[in-house]
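Here the structure is laid out as structure tokens; the discussion comes afterwards.
Note on naming: letters A, B, ... go to the chains in the order of the sequence lines (proteins, then strands), and numbering restarts at 1 for each one.
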There are 2 protein chains.
Amino acid sequence: MNEDMGSEGGKNKVRRDRETGTLGKLVSLLDLVALADGPMRFTDILTSSDQPRGTLHRQLSHLVEEGLLEVDRDGRYLIGLRLLTFASRSWARNEFRAVAEPHLHRLQEYTGETVHLGVLRGAEVIYLDKVEGRQSVRMYSQIGNASPAYCTGVGKAALSALDEAELAARISGFEFRLYTEHTLRGPAELLSDIAAIRARGHAFDLEEHESGICCVAAPIRSDDGDMLAGVSVTGPAYRVTPQKLQAWAPLVVAAADSIMMDMRNRMGPKR
Amino acid sequence: MNEDMGSEGGKNKVRRDRETGTLGKLVSLLDLVALADGPMRFTDILTSSDQPRGTLHRQLSHLVEEGLLEVDRDGRYLIGLRLLTFASRSWARNEFRAVAEPHLHRLQEYTGETVHLGVLRGAEVIYLDKVEGRQSVRMYSQIGNASPAYCTGVGKAALSALDEAELAARISGFEFRLYTEHTLRGPAELLSDIAAIRARGHAFDLEEHESGICCVAAPIRSDDGDMLAGVSVTGPAYRVTPQKLQAWAPLVVAAADSIMMDMRNRMGPKR
DNA sequence: AATTATGTTCCAAATAATGGAACTTTCTAT
DNA sequence: ATAGAAAGTTCCATTATTTGGAACATAATT
């Protein structure tokens, strides 16, 4: 299946075994540069990519020429702005996001806390939208971000919508890493949490990904079940108490259901 | 609406002559799908890309496998979310954007109107950040967007920082298109506007790109001059009168200068 | 100025992309 | 429901591109 690897955890060797030929190697390079802490020199990339010098040199020039990478004035490579342009189109044209938007705003206004929309992709959740109350400084920070499914509210909610078989298959590919002292520690804990989520209809994240951050989330699945997503309301633990999360749960679930409905109505006629 | 596109001005044939080998062809496909109005079927892409069926089929599968494209449930292709993830990293790690952020906020608070930060890339301006007052509905809309340099405040401001020779060279590559009745109609008008911008130190966009939208912008150039950018304050013509634009100009210029300074301080030590 | 580290160019050999055609599946009109 | 057409997928000998070692050039360091 589509083994997506844990973009966080990997020694990023360039040759992977997904068979996508030349493209695969180039995308791995992009990934390598994107994940780095800062601009990388030719030699940095050379050592982490085990490609021969000549080869790497040409690959990088091609990526630069296409705007996928950029070179700073010290000749170091960083991820290119062209990707921003592609992404902005991807985002603007995303139907699901557009359908969900008004519901996210409503949820934000009611709770006063931050609302997230994320979709499940392999072992990760990719955040598609974020609505904040007071415009905080880190405006777009979260959009496009990929986080492990097993330690985020949205991720666990989405997972809970899978049937047993699919769920087991997915989880077997997860790599459990301890982000905080509350992070779930393995398949067993995750499965039992998911059972509870199924029973309740909503998921909690109690400082499992980031210390001091809690959320309540609900799953969204498309009719055919080939898209799984989730909505969540998130806030700092000192303000967002378990009682509040509990109280908001029905609202979050309702928002998720409305998004599902709207999506169904929009997609239904076609097909 | 903000009709963007026209990014290069091409009939989007896939084989272009930039020599980037296989990558070039694949990126052209991405571009084709990204620019389309909606999801494309295999055949749609086939006809607009003049690739043989077998070839195209494999290219698309590779792009999909890498997450750069996605396939909807009707088998149609659309731009993939993985690009969002790359972009979010590109954005989060962008030093220039980070340095500029506080200045943009200050400018926004003072004027109450929307502030943009954009960088010049070839004939286009790519918007790197946007700060709005009341959180409007279209949050992420502008970021990553590429617009022609010659009809945007940020673009013209950035162009004004080029020396004569470079400027002439760039302009020769522009394709002038009439977005509104106020859009500059060709190199001559642009050059004379740029002369004025140089004399004043700031640029105006008086409904040149979008009807009813005006802005005042100032150029930002790095010491070595290899990065050109601009800041602008933008708003609807009925509210943002020429007098206001005039009054804000010094602030915008000051913000641009501060960003330049901060950038110099941050970059200086290295090198 | 000499030495080393870093980046660039070259080209025969290896590998991956190509594209025509045969094949399968999905629509469409009767 | 069925035939026919359109859309999508697979196959494989041919062709073109990528590969990678090594020589060459340039910048940094002593």
Side-chain angles (χ1 to χ4, degrees), chain A residues 1-2 13-33 36 38-66 68-78 224 226 267-271, chain B residues 13-33 36 38-66 68-78 224 226 267-271:
Chain A
M1 282 310 153
N2 60 344
K13 285 299 171 190
V14 156
R15 287 174 171 285
R16 45 169 109 176
D17 284 335
R18 258 182 192 173
E19 263 317 331
T20 50
T22 305
L23 178 65
K25 293 165 201 161
L26 295 175
V27 173
S28 296
L29 280 177
L30 278 185
D31 225 34
L32 185 64
V33 176
M40 296 181 86
R41 286 173 319 165
F42 182 86
T43 317
D44 300 334
I45 304 178
L46 186 61
T47 53
S48 10
S49 76
D50 73 354
Q51 299 273 79
R53 303 159 78 80
T55 302
L56 182 65
H57 188 262
R58 184 184 32 73
Q59 291 172 331
L60 292 175
S61 341
H62 284 181
L63 287 168
V64 169
E65 181 138 355
E66 290 294 341
L68 270 28
L69 287 182
E70 301 194 1
V71 185
D72 72 8
R73 59 175 177 179
D74 302 325
R76 293 174 310 181
Y77 294 86
L78 29 81
D224 41 31
D226 76 5
M267 299 298 251
K270 292 254 169 172
R271 167 74 281 205
Chain B
K13 287 298 174 189
V14 156
R15 288 175 168 285
R16 46 169 108 175
D17 285 335
R18 261 188 193 165
E19 261 322 329
T20 51
T22 306
L23 178 65
K25 293 165 201 162
L26 294 175
V27 173
S28 296
L29 280 178
L30 277 184
D31 224 33
L32 186 63
V33 176
M40 294 180 88
R41 285 173 320 166
F42 182 86
T43 317
D44 300 334
I45 304 179
L46 185 62
T47 52
S48 5
S49 76
D50 72 356
Q51 298 275 78
R53 302 159 77 82
T55 301
L56 181 65
H57 187 263
R58 184 184 31 74
Q59 291 171 330
L60 291 175
S61 337
H62 284 180
L63 287 169
V64 169
E65 182 137 355
E66 290 295 340
L68 271 27
L69 287 182
E70 301 194 2
V71 185
D72 71 9
R73 58 175 177 178
D74 302 325
R76 294 174 308 180
Y77 293 87
L78 28 81
D224 43 30
D226 77 4
M267 299 297 251
K270 293 252 169 176
R271 169 69 283 209

Between [X] ([atom1]) and [N] ([atom2]), how many Å, whole number?
| X | N | atom1 | atom2 | answer |
| --- | --- | --- | --- | --- |
| A:R76 | C:dG7 | CZ | P | 11 Å |
| A:I45 | C:dA5 | CD1 | P | 20 Å |
| A:L60 | C:dT8 | CG | C1' | 12 Å |
| A:L26 | C:dT15 | CG | P | 18 Å |
| B:D50 | C:dT18 | CG | P | 12 Å |
| A:L56 | D:dG20 | CG | C1' | 12 Å |
| A:L23 | D:dT17 | CG | C1' | 15 Å |

OP1 or OP2 of [N] versus the side-chain N and O atoms of [X]: is any pair under 4.0 Å?
| X | N | result |
| --- | --- | --- |
| B:K25 | C:dT18 | yes |
| B:Q59 | C:dT18 | yes |
| B:T22 | C:dA16 | no |

Measuring from atom [atom1] of [X] to atom [atom2] of [Y], what distance do you get when rounded to the nearest 0.5 angstrom?
| X | Y | atom1 | atom2 | value |
| --- | --- | --- | --- | --- |
| B:R76 | B:L69 | CZ | CG | 14.0 Å |
| A:L30 | A:L63 | CG | CG | 5.0 Å |
| B:M40 | B:S49 | CE | OG | 8.5 Å |
| A:L68 | A:L26 | CG | CG | 9.0 Å |
| B:I45 | B:L60 | CD1 | CG | 5.0 Å |

Pairing residues for A:T55 by the side chain to side chain contact (heavy atoms under 4.5 Å, CB included) criterion, not counting sequence neighbours
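Testing A:T55 for side chain to side chain contact (heavy atoms under 4.5 Å, CB included), a comparison that skips the adjacent residues, returns A:Q51, A:P52, A:R58, A:Q59.
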With sequence neighbours excluded, residues passing side chain to side chain contact (heavy atoms under 4.5 Å, CB included) with B:L46
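Listed in chain order: B:F42, B:R53, B:L56.
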Pairs: protein N or O with nucleotides 6-10 of chain D N or O, under 3.5 Å:
unit_1, atom_1, unit_2, atom_2, d
D:dG8, OP2, B:T43, N, 2.8
D:dG8, OP2, B:T43, OG1, 2.3
D:dG8, N7, B:R53, NH2, 2.4
D:dG8, O6, B:R53, NH2, 3.4
D:dT9, OP2, B:H57, NE2, 3.1
D:dT9, O5', B:H57, NE2, 3.3

Residue list, side chain to side chain donor-acceptor pair (under 3.5 Å) with B:R41, at least two apart or on another chain:
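Expected list: B:D44.
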Could you check if a side-chain atom of A:D72 sits within less than 4.5 angstrom of a side-chain atom of A:Y77, using non-hydrogen atoms only?
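No, every pair of side-chain atoms sits at 4.5 Å or beyond.
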Helix axis bend for the helix from C:dA1-D:dT30 to C:dT30-D:dA1 - C1'-based end axes, five pairs, 10° rounding
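Roughly 60° between the end axes, to the nearest 10°.
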